[in-house]
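Have a look at the structure below, then the notes.
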Amino acid sequence: MKLRSVLPAVATLALLAACAPTQSGPAAAGGNQTDGTLRVWLFDEANRAPKEAAVKEAITEFEASHSGVKVDVQWVPVEGRADKFSGAFNDPSNAPDVAEFGNTDVSSYAQTGALSDLAKDISNWSDGKDLLPSVVDTAKANGKIYGIPWYTGIRALYYRTDVFAELGLKPPATLTELTEDARKIREKKPDLYGIATGGKYTYAMLPFIWANGGELAKQDNGKWTSTVDSPQAKAGVTAYANLIKDDICPPAACANLTGTQSVTAFAGGKAGMVIGGDFNRKAVEKGAVKGKYAIMPLPGATPDSVAPAFAGGNLLGVFGASQRHGLAVQFAELLAGVKYQEKMYAAMGNLPTLASVQKKLAASDPTLKAFVDTLTAGTKFVPSTPAWSKIDSQNVLPTAVQQIATGGKDANAALADAAAAMNKNFG
């Protein structure tokens with residue numbers, strides 16, 4: 001799932017998704033009526049107006065081309081979405097036809113049996129071939145596709161151009177250089193964090209694991225096993241934890257920072273760099289660093305490489321109990337198609353999932369290029385299992401990072417504990 005003001009952390013949604021009970025019986029059979037009311041659930045936003053305007057335009061277009069159809073959108077409050085979805089999973093009569101949800105929820109939601117497999121629909125969709133494979137993968141569970149990728153969330157490196165110029169620094173070409181630059185910034189400008197990042201910013205830490213050749217877990221015959229204590233993963237976690245040090249971002253101030261807080265610090269002019277999402281750009285633009293920063297892909301472990309980013313994002317799924325399956329798919333495809341991906345980008349800054357739209361927008365908006373390049377270079381995802389929700393909600397990885405950063409435990413001990421906790425959840 002993406003990270004933005006209305007959805008402050010993927011972990012939050014994952015935690016709430018874990019609360020959704022598994023449907024005990026088979027999902028209700030749907031139908032294919034071609035008229036009546038199409039019920040749609042979309043996430044509410046802190047500032048809903050731009051999103052609502054784009055959606056209303058899509059509704060007008062859809063209703064005009066589907067006689068006898070009315071689209072009824074319910075805006076689901078973020079805080080109450082777990083109960084809302086739980087009710088739909090357990091009582092098909094309360095289920096919508098179409099619903100927006102985060103891609104970190106796919107495995108948990110798929111377990112309920114309430115969502116339709118959209119693989120065939122996407123295959124027959126004219127825009128389907130334009131979806132990036134790595135983004136489609138985030139909609140999969142057990143070989144099925146449970147949602148149409150509506151937009152994605154990718155992180156890259158924001159850096160202060162004025163600070164780099166003043167100190168004679170070049171944009172880092174590797175993660176090692178990033179650390180060195182961050183240390184120099186803190187040394188020369190002690191009022192700044194070299195890079196604003198925190199122990200609770202899991203999705204900034206994951207690229208360090210992947211760039212060093214590590215993985216979170218491996219799957220063998222359907223069983224997941226943690227690999228965060230492997231040498232490669234350990235090197236990545238340690239490299240990240242070393243950013244949370246007195247000479248870069250002091251543990252007393254940074255060990256508990258989340259992603260939102262890290263970006264806020266950068267936007268407020270308190271840091272030389274930050275790992276932030278495409279969805280953070282509007283907030284940064286409103287801050288003290290407006291006109292004083294640039295964005296580039298987060299570098300990898302070797303020169304000219306890009307650290308794999310976590311592919312967050314939101315999907316549009318169709319409930320199996322829908323009596324208007326065909327209409328539901330068509331409306332989801334309209335919202336996720338070329339026209340409305342462009343409109344949602346203009347309205348909300350959402351990074352499109354269609355390659356052609358990304359290229360078009362990047363050509364007219366240079367700040368988007370770093371995120372598109374990062375996505376093109378290859379992204380990664382968390383283990384596709386409901387157990388991830390529990391691991392995330394228990395702060396297993398943030399705890400390990402904090403222990404290493406503060407000296408509470410060395411990397412071997414901290415990651416051995418993390419691996420054991422992950423494996424307990426994997427079962």
Nearest heavy atoms of S356 and V338, plus distance in Å: OG-CG2, 4.5 Å
Between S116 and L118 (side chain of the first, backbone of the second, donor and acceptor by atom type, cut-off under 3.5 Å), is there such a pair? no
Can you find a pair of side-chain heavy atoms, one from D246 and one from P251, that are under 4.5 Å apart? yes
Looking only at the aromatic ring of each residue, does the gap between the centers of F381 and F310 stay below 6.0 angstrom? yes
Once rounded to the nearest 0.5 Å, what's the spacing between atom OG1 of T104 and atom CG of D392? 7.5 Å
Quick one: are T179 and L243 in side-chain contact, heavy atoms under 4.5 Å? yes
Polar side chain donor-acceptor pair, N256 to Q402, under 3.5 angstrom: yes
Ignoring hydrogens and geometry, is there a side-chain-to-backbone donor-acceptor pair from Y240 to G198 under 3.5 Å? yes
Considering non-hydrogen atoms only, spot the tightest contact between T202 and P398 and give its length. OG1-CG, 3.3 Å
For A419, does its backbone N or O pair with a side-chain atom of N423 as donor and acceptor, under 3.5 Å? yes
Do the non-hydrogen side-chain atoms of V237 and M205 ever get within less than 4.5 Å of each other? yes
Check the side chains of Y193 and S262 for a donor-acceptor pair under 3.5 angstrom, ignoring hydrogens and angles. no
Evaluate the criterion side chain to side chain contact (heavy atoms under 4.5 Å, CB included) for residue pair V284 and Y158; output intermediate values, then yes/no. CA-CA 9 Å; V284 173; Y158 289 67; 3.9 Å; yes
Please check: side-chain N/O of K409 versus main-chain N/O of A400, any donor-acceptor pairing under 3.5 Å? no
Are the side chain of Y201 and the backbone N or O of I275 linked by a donor-acceptor pair below 3.5 Å? yes
Is the closest basic N to carboxylate O distance between R186 and D247 below 4.0 Å? no
Does Q358 reach the main-chain N or O of V372 with its side chain, forming a donor-acceptor pair under 3.5 Å? no
Within the distance-only criterion (no hydrogens, no angle test), does the side chain of S364 pair as donor or acceptor with the backbone N or O of L361 below 3.5 angstrom? yes
Sub-3.5 Å donor-acceptor pair from the side chain of W150 to the main-chain atoms of L335, do we have one? yes
To the nearest 0.5 Å, how far apart are NZ in K286 and NZ in K290? 10.5 Å
Report the C-alpha separation of I122 and I145 in whole Å, then their side-chain angles, then the decisive distance to 0.1 Å, and conclude whether the side chain to side chain contact (heavy atoms under 4.5 Å, CB included) test is met. CA-CA 9 Å; I122 291 175; I145 301 176; 3.6 Å; yes
Minimum heavy-atom separation for L354 to G337, with atom names? CD1-C, 3.8 Å
Mind checking whether F266 and V289 have side chains closer than 4.5 Å, heavy atoms only? yes
Pairing of K184 and E177 as salt bridge, 4.0 angstrom limit: no
Can you tell me how far the CD1 atom of I185 sits from the CG atom of L169, to the nearest 0.5 Å? 6.0 Å
OG-CD1 distance between S226 and I391, expressed to the nearest 0.5 angstrom: 7.5 Å
Pair Y159 + F164: ring centers closer than 6.0 Å: yes
Between N212 and Q232, is there a side-chain donor-acceptor contact under 3.5 Å, judged purely by atom types and distance? no
Under 6.0 Å from the CG atom of N142, do we count more than 12 heavy atoms belonging to anything else shown? no
For L216 and L206, what are the C-alpha separation, side-chain angles and deciding distance, and is it a side chain to side chain contact (heavy atoms under 4.5 Å, CB included)? CA-CA 8 Å; L216 290 170; L206 294 182; 3.7 Å; yes
Could you go step by step and tell me if D130 and T353 meet the side chain to side chain contact (heavy atoms under 4.5 Å, CB included) rule? CA-CA 8 Å; D130 203 24; T353 58; over 6 Å; no
First locate atom CE of M422, then atom CG of D417, and finally report the distance between them rounded to the nearest 0.5 Å. 13.0 Å
Within the 3.5 Å criterion, strictly below it, is a donor on E285 or Y293 matched to an acceptor on the partner's side chain? yes
For D365, is there an ion pair with R281 - N to carboxylate O distance below 4.0 angstrom? yes
Is a side-chain donor-acceptor pair under 3.5 Å present for K234 with N412? yes
Does any non-hydrogen side-chain atom of V55 lie less than 4.5 Å from one of Y340? no
Could you check whether the rings of W41 and F85 sit parallel, tilted or perpendicular, using 30° and 60° as the cut-offs? perpendicular
Does the pair S107 and S384 meet the rule for a side chain to side chain donor-acceptor pair (under 3.5 Å), with working shown? CA-CA 6 Å; S107 293; S384 184; 3.2 Å; yes
Residues that K359 engages under salt bridge (Lys or Arg N to Asp or Glu O under 4.0 Å), provided they are two or more places apart: none
Are there over 12 heavy-atom neighbours, none belonging to D191, within less than 6.0 Å of that residue's CG? yes
Is the Y345 to Y151 ring centre distance short of 6.0 Å? no
So do the side chains of I248 and I195 get within less than 4.5 Å of each other, counting heavy atoms only? yes
If only atom types and distance count, is the side chain of T302 paired as donor or acceptor with the main-chain N or O of S305 below 3.5 Å? no
With heavy-atom distances below 4.5 Å as the criterion, would you say the side chains of V98 and F319 are in contact? no
What is the minimum heavy-atom distance between P386 and Q111, and which atoms define it? CG-CD, 3.4 Å
Is any side-chain heavy atom of E333 less than 4.5 Å from a side-chain heavy atom of D127? no
So for atom NZ, which belongs to K339, do other residues, nucleotides or ligands contribute more than 12 heavy atoms lying within a distance under 6.0 Å? yes
Would you indicate whether K84, at its atom NZ, is surrounded by more than 12 heavy atoms from other residues, nucleotides or ligands within a distance under 6.0 Å? yes
Using a strict threshold of under 4.0 Å (side-chain N to carboxylate O), is an ion pair present between K189 and E166? yes
Identify the two heavy atoms, one from D373 and one from P297, that lie closest to each other, and give their separation to 0.1 Å. CB-CG, 4.1 Å
Any donor-acceptor pair under 3.5 Å linking the side-chain atoms of Q394 with those of N425? yes
On a heavy-atom basis, the closest approach of P149 and L315 is CA-CD2, 3.7 Å
Pair D220 + K223: basic N to acidic O under 4.0 Å: no
Donor-acceptor check, side chain of T374 to backbone of A370, threshold 3.5 angstrom: yes or no? yes
Does a salt bridge link K380 with E215, judged by any charged N lying under 4.0 Å from a carboxylate O? yes
When rounded to the nearest 0.5 Å, the distance separating CE of M348 from CD of E45 is 4.0 Å
